[in-house]
Amino acid sequence: MNRRFFKSKIVHDYFHDPSAIVGSFLLVIFIVGTAFAPWIAPQNPYDLEKVSLEHFLTPPIWMEEGKAPFLLGTDDQGRGIFSTILYGCRTSLIVGFGVVLIAGTFGVTMGLLAGYYGGTFDSVTMRLADIFFSFSTTLMAFLLLGLFKQRGVLIVILAICIADWVRYARTMRGSVLQVKEEAYILAAKATGAGDFRLLIRHLLPNAIPPIFVVMAVDMAVVIMLEATLSFLGVGVPLTEPSLGMMISIGKDYVYAGMWWLVVFPGAALFFLVIGINLFADWLREELNPKIERRE
Amino acid sequence: MFAYITRRLIQGVVVLLAVSFICFIIFMYSGDPVISLAGRYATLQEREEVRKAFGLDKPFYVQYVRFIANAAQGNFGKSYVSRVPALGLIMERFPATAELAVSAIFLAFTMGVGLGVLVSLKPYAFRNRLIMTGSLVNISMPTFLMGILLIMIFAVYLGILPPFGRGETVDLGFWRTGFLSWSGIKHLILPAFTLGMYQLAVLLRLTRAGMREVLTEEYIKTAWSKGLPPRKVIFKHALRNVMIPVVTMTGLQFGELIAFSIVTETIFQWPGMGNLLLTSIYEGDQPVIVTYIMLTALIILSLNIIVDILYAFLNPKIRYE
């Protein structure tokens with residue numbers, strides 16, 4: 001089993017695709033960095049006892065006025081940029097995984113049912129999906145959060161899920177419609193498999209591969225969306241770390257030449273997203289039977 | 001075709017009604033309007049009188065019908081903050097947003113399609129690989145970050161473009177335009193570029209993928225072997241068939257464009273609708289928020305219908321029955 005796995009096509013392709021390796025390398029760095037944030041970060045930027053205003057707006061350590069332990073300088077509250085980035089990426093990843101899992105599960109279920117049963121349920125779901133799509137995930141999540149009065153990470157996840165599930169429902173439905181016509185589904189039906197068994201055992205596993213690509217791409221989109229919402233002030237509350245909020249605070253200091261407040265969190269966000277996008281690109285080609293890979 | 005358009009229009013109205021219903025519910029359950037209308041220190045009796053005068057004592061459905069009837073006439077109530085009609089407040093800001101959005105779409109469309117065609121002709125040339133890497137970088141960078149970086153480079157360090165505002169505008173009576181003054185154009189460059197960048201990358205990738213597929217088709221080989229000039233083969237025979245998904249995408253992304261115009265306007269302090277919306281959200285100015293939502297819904301739905309009709313002109317195979 002093990003040897004077969006290491007000789008399989010997918011493993012071979014992975015090690016021969018630089019973008020897949022770079023992408024997943026970046027992802028691993030971010031996941032490890034955020035998971036061990038309390039041990040890696042020199043200070044906990046959200047522990048009020050550890051943060052002192054006297055260190056506010058310190059430049060990065062290699063510049064003239066830089067001070068240890070503030071590797072990348074501090075913001076206007078005296079929070080270390082490096083530490084805040086670690087905690088901020090944590091929020092990004094929590095929102096990213098949260099939305100992909102919740103919206104993904106709900107969307108896949110709806111798409112599966114719509115594709116399998118067809119009829120009124122199908123047409124209503126798909127009309128709804130069209131409308132959601134034309135309003136765009138970003139606009140809808142923003143307006144929902146604008147109307148909600150409460151703020152919090154969970155509320156951000158919820159709002160993005162409401163706006164985002166249709167992406168999965170559409171893809172899943174399309175995939176189910178294709179798989180439904182396959183001979184083995186007919187065979188399963190002929191042997192007397194019930195609806196439930198057909199859906200879970202036969203349709204779901206065979207129709208789900210395109211969803212993995214959507215999940216990977218969506219993860220990048222959702223992380224950027226969370227940052228955008230927090231940047232606009234409708235995302236996570238001020239008491240939670242977020243890359244978008246860091247940049248929003250930093251943008252006022254750009255005119256004074258304090259570039260580190262924007263550049264470092266911006267770079268972290270960018271590398272996180274590009275890592276996911278590179279990985280997604282590889283996954284898309286790998287799972288698409290139509291593209292013959294050139295080596 | 002006529003039947004198709006009619007059906008789409010009816011569907012559009014149904015969606016608008018649904019949106020209005022959601023807005024109405026939010027209106028109803030986000031604080032009692034009587035308190036803000038009658039004033040905080042009004043007696044109970046005065047409040048009752050206000051409630052009667054504004055029809056707020058009527059049952060839910062009666063109020064909803066009134067809300068719809070008013071909305072259909074463009075009356076969405078007055079802003080809680082500035083006490084002027086919400087629609088007027090938004091319409092005043094409309095030209096700024098429209099000019100920004102149109103410039104962004106224009107930039108994204110011409111550059112996206114142009115570069116996409118260029119890249120598709122020699123996909124593995126060094127220059128074109130560079131363009132593709134650039135587009136991946138572009139897709140992985142959120143609009144707000146792009147905007148701030150552009151401000152840092154072009155306004156703070158180089159000092160050649162203004163970082164915020166709309167510059168001098170010329171009043172045409174019904175429309176205040178920034179296109180007619182040099183300062184207006186200079187102020188437009190960074191925001192339009194910021195807003196257009198995201199779409200640019202998407203359109204570039206779509207055009208490239210489409211062109212690469214189409215260029216291998218038999219009829220393109222025929223066109224080449226007929227000895228047609230490259231200009232004709234590429235633009236008339238190949239690109240025409242690629243334009244269908246590209247135009248669709250441009251239309252579909254309109255909602256996204258509006259969303260990102262909120263972001264862009266905030267960064268560049270552009271005096272448009274998005275900026276107003278964000279301020280209204282901070283201030284809890286419900287009538288303005290609801291008007292904005294209804295107006296955006298109307299614009300997006302109309303655009304969708306127009307794109308669908310454009311389809312028919314681009315692709316003669318599609319006949320709406």
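A note on names: the letters A, B, ... follow the listed sequences, proteins ahead of strands, and every chain is numbered from 1.
Heavy atoms closer than 4.5 Å to chain B are found in the backbone of A:Thr137, but not in its side chain. The contact between A:Leu143 and chain B is made entirely by side chain atoms (from C-beta outward), counting heavy-atom distances below 4.5 Å. Proximity to chain B is absent for every atom of A:Ala220, based on heavy atoms less than 4.5 angstrom apart. Both the backbone and the side chain of B:Val263 come within less than 4.5 Å of a heavy atom in chain A. Looking at A:Leu232, the atoms closer than 4.5 Å to chain B (heavy atoms on both sides) sit in the backbone and in the side chain alike. Heavy-atom distances place no part of A:Leu272 under 4.5 Å from chain B, backbone and side chain included.
Ring-plane geometry between B:Phe144 and A:Phe231 is classed as parallel, the angle between the planes falling under 30 degrees on a 0 to 90 degree scale with a further cut at 60.
Using a 4.5 Å heavy-atom threshold, the side chains of A:Lys251 and B:Ile151 count as separate.
Of the listed residues A:Val221, A:Ile276, A:Asn277, the one with more heavy-atom pairs under 4.5 angstrom with chain B than any other is A:Asn277. Heavy-atom pairs under 4.5 Å with chain A peak, among B:Thr143, B:Leu257, B:Ile262, at B:Ile262. Options A:Leu278, A:Ile247, A:Asp130, A:Asp281 differ in how many heavy-atom pairs under 4.5 Å they form with chain B, and the most are formed by A:Ile247.
When all heavy atoms of A:Ile274 and B:Ser140 are compared, the pair lying nearest together is CG1-OG, 3.5 Å. When all heavy atoms of A:Met224 and B:Ile139 are compared, the closest pair comes out as CE-O, 3.2 Å.
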Start with the C-alpha gap between A:Phe135 and B:Thr296, add the side-chain angles, then the distance that decides, and say whether side chain to side chain contact (heavy atoms under 4.5 Å, CB included) holds.
CA-CA 9 Å; A:Phe135 279 85; B:Thr296 335; 5.6 Å; no
Derivation of the side chain to side chain contact (heavy atoms under 4.5 Å, CB included) call for A:Phe142 and B:Leu278:
CA-CA 10 Å; A:Phe142 175 75; B:Leu278 202 67; 3.4 Å; yes
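For the side chain to side chain contact (heavy atoms under 4.5 Å, CB included) test with B:Pro142, the passing option among A:Val273, A:Leu243, A:Thr228, A:Thr138 is A:Thr228; the others fail.
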